[in-house]
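For reference, the structure discussed in these notes is given below.
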Amino acid sequence: MASAEEVKRDELAGFLKVLPPVEFSCVYGSTLHPNNRDKSSMVDYILGVSDPLQWHAENLKRNRDHYASWMVHVGGAKLITEIADEIGVGVHFNPFVTWNDKMLKYGVVRMHDLLEDVLKWDRFYLSGRLQKPVHILLDNLDIENVNSSNLRAAVSAALLLLPHEFSEQDLYAKICSLSYMGDLRMLFAEDRNKVKKIVQGQFSLFQSMYKPFLEEYETKNMISFSSCGGHKANICQDIDLYTTCSLVSLLPQAMRNHMGVKLGEQKRIAESGRVVRDVKISSREEVAKCMQKVLRRTVLMSSARQAVSGFLTTGGLNAVRYLGKKMAKAWKSRT
């Protein structure tokens, strides 16, 4: 007899049958909250495809009603792909799709762009999404394994921004908040308690997701645990320069390059004989502040580009409808 989780997975994967083939698919958001009882909440998908132009052309034949009518008539698949790539951050979203008595939203991204963002944080858009719990439905290219470097980097970035002592919940909240730094939506269109709700609602999922990396850092004597009652823990970390340098070295290369421009670089010869450029680190506070600025600027640019792209591709009515739902949640959290 299939478990409740398997039944739910099969149900969510059923939507893929009405779409052209994809290489990767995952579900994220409130759907994953164990205590979520709201059947009206939108189910969010990320779909990775090898060729978005070809995929959208095929999907327009199958599911023309998923797209804004003006895009279908004016430019079709070519315009959809161009707006995603040149105005947005490479992702096209179709929101308010009705299927099997559910409301869905799905984002389509080129697999190459997904991998680049996961490994390099050059846009820090889907890489930030994949630092939070997701339910993988299809993974032909083993993105789950590739994403381990993204999760390790997220732990490193969060530790740089945390004090000597903190709780396990503080750590997951800091990881979760990385992709919201500088996000325009957080100013007026997101629940101000969003990070707290995500972590509390999916705490056990965060634990299972990050356990291997916390154990790795404990083995390296970078952190240590003490019991806090229940299944949660308090964590202590070394905040000396040696540990700080180790944490910075685990950030994606593109992030270190940006930090190196601001803080300076120093060359060293690696064991392989290759010349390596390290970020010049004078103090933990300075490097943490620099990393935060780089992340905030990256997220700001990506969220602004995606907001414009989303407004164009969803059509004015759907854009206002989606923004209205977001702002209603934001307003509720502030009153």
Side-chain angles (χ1 to χ4, degrees), residues 28-30 32-35 118 121 124 126-134 144 147-183 186 190-252 255-256 259 281 283-285 287-296 298-299:
Y28 65 94
S30 59
L32 300 180
H33 287 230
N35 299 320
V118 164
W121 290 11
F124 205 60
L126 293 180
S127 51
R129 178 60 263 167
L130 292 176
Q131 289 167 1
K132 306 173 189 69
V134 298
E144 186 172 19
N147 194 47
S148 61
S149 63
N150 180 33
L151 302 184
R152 185 179 289 105
V155 174
S156 300
L159 289 174
L160 284 169
L161 298 172
L162 287 165
H164 172 58
E165 292 184 38
F166 50 92
S167 70
E168 192 176 2
Q169 185 161 308
D170 291 335
L171 173 63
Y172 301 144
K174 189 61 70 175
I175 290 171
C176 188
S177 70
L178 294 175
S179 60
Y180 294 125
M181 291 179 184
D183 191 330
M186 296 305 290
E190 287 289 4
D191 185 341
R192 68 192 306 174
N193 299 312
K194 181 166 186 170
V195 168
K196 182 180 178 181
K197 288 179 178 178
I198 290 174
V199 173
Q200 289 182 345
Q202 305 178 57
F203 189 83
S204 61
L205 297 177
F206 273 99
Q207 280 188 313
S208 59
M209 192 174 182
Y210 283 99
K211 183 181 179 182
F213 308 101
L214 297 183
E215 289 177 344
E216 175 189 327
Y217 283 30
E218 185 181 29
T219 302
K220 293 178 178 178
N221 297 316
M222 296 167 74
I223 61 173
S224 60
F225 293 91
S226 62
S227 179
C228 185
H231 297 291
K232 299 179 182 179
N234 281 329
I235 303 173
C236 292
Q237 66 165 326
D238 277 331
I239 54 174
D240 57 20
L241 275 185
Y242 178 80
T243 304
T244 300
C245 290
S246 297
L247 291 174
V248 171
S249 72
L250 293 168
L251 297 175
M255 176 68 55
R256 298 202 306 273
M259 293 168 67
I281 299 173
S283 73
R284 186 184 182 90
E285 294 75 18
V287 77
K289 195 173 290 184
C290 177
M291 180 197 70
Q292 197 168 24
K293 285 182 178 178
V294 171
L295 271 178
R296 185 173 285 120
T298 304
V299 174

For D238, side chain to side chain contact (heavy atoms under 4.5 Å, CB included) partners two or more places apart: D240, T243
How long is the gap from OG on S179 to CZ on R129, to the nearest 0.5 Å? 7.5 Å
Testing the basics here: between S156 and L250, what is the closest heavy-atom pair and its distance to 0.1 Å? OG-CB, 3.4 Å
Atom CE in M291, atom CZ in R296: separation rounded to 0.5 Å? 10.0 Å
Nearest heavy-atom neighbours spanning K132 and M209: O-CE, 3.2 Å
Side-chain touch F213/S148, heavy atoms, less than 4.5 angstrom: yes
Test K174 against V195 for side-chain contact (heavy atoms from CB on, under 4.5 Å), laying out the working first. CA-CA 9 Å; K174 189 61 70 175; V195 168; over 6 Å; no
Between F124 and V299, which heavy-atom pair has the shortest distance, and what is it? CD2-CG2, 3.6 Å
Is there a side-chain contact between L126 and V118 (heavy atoms, below 4.5 Å)? no
d(M222 CE, T244 OG1) to nearest 0.5 Å is 9.0 Å
So do Y28 and P133 actually touch side chain to side chain, heavy atoms under 4.5 Å? no
Less than 4.5 Å apart, any side-chain heavy atom of Q207 and any of E168? yes
For the student: nearest non-hydrogen atoms of L160 and R284, plus distance: CA-NH2, 3.7 Å
Enumerate the residue pairs fulfilling salt bridge (Lys or Arg N to Asp or Glu O under 4.0 Å) with a member in residues 148-158, sequence neighbours excluded, ordered by first and then second residue. R152-E216
Nearest heavy-atom approach of A158 to I175 is CB-CG1, 3.6 Å
Tell me, do C176 and K196 make a side-chain contact under 4.5 Å, heavy atoms counted? no
Is any side-chain heavy atom of V155 closer than 4.5 Å to a side-chain heavy atom of Y210? yes
For Q237 and L159, work out which heavy atoms get closest and say how close. NE2-O, 2.9 Å
Sequence-distant partners of L241, side chain to side chain contact (heavy atoms under 4.5 Å, CB included), two or more places apart: I281
To the nearest 0.5 Å, tell me how far L161 CG sits from L247 CG. 10.5 Å
Decide whether N234 and E165 meet the rule of one side-chain donor and one side-chain acceptor closer than 3.5 Å. no
Rounded to the nearest 0.5 Å, what's the gap from CZ on F166 to CG on L171? Could you check? 5.5 Å
Nearest 0.5 angstrom please: H164 NE2 to I223 CD1, how far? 12.5 Å
Check the angle between the aromatic planes of Y172 and F203 and answer parallel, tilted or perpendicular using the 30° and 60° thresholds. perpendicular
Say whether, by atom type as modelled, one donor and one acceptor occur between the side chain of N150 and the main chain of N147 under 3.5 angstrom. no
Are Q169 and Q200 side-chain neighbours, meaning at least one heavy-atom pair lies under 4.5 Å? yes
Between the side chains of S246 and K220, is a donor N or O closer than 3.5 angstrom to an acceptor N or O? no
Distance-only, no hydrogens or angles: does the S177 side chain make a donor-acceptor pair with backbone N or O of Y180 under 3.5 Å? no
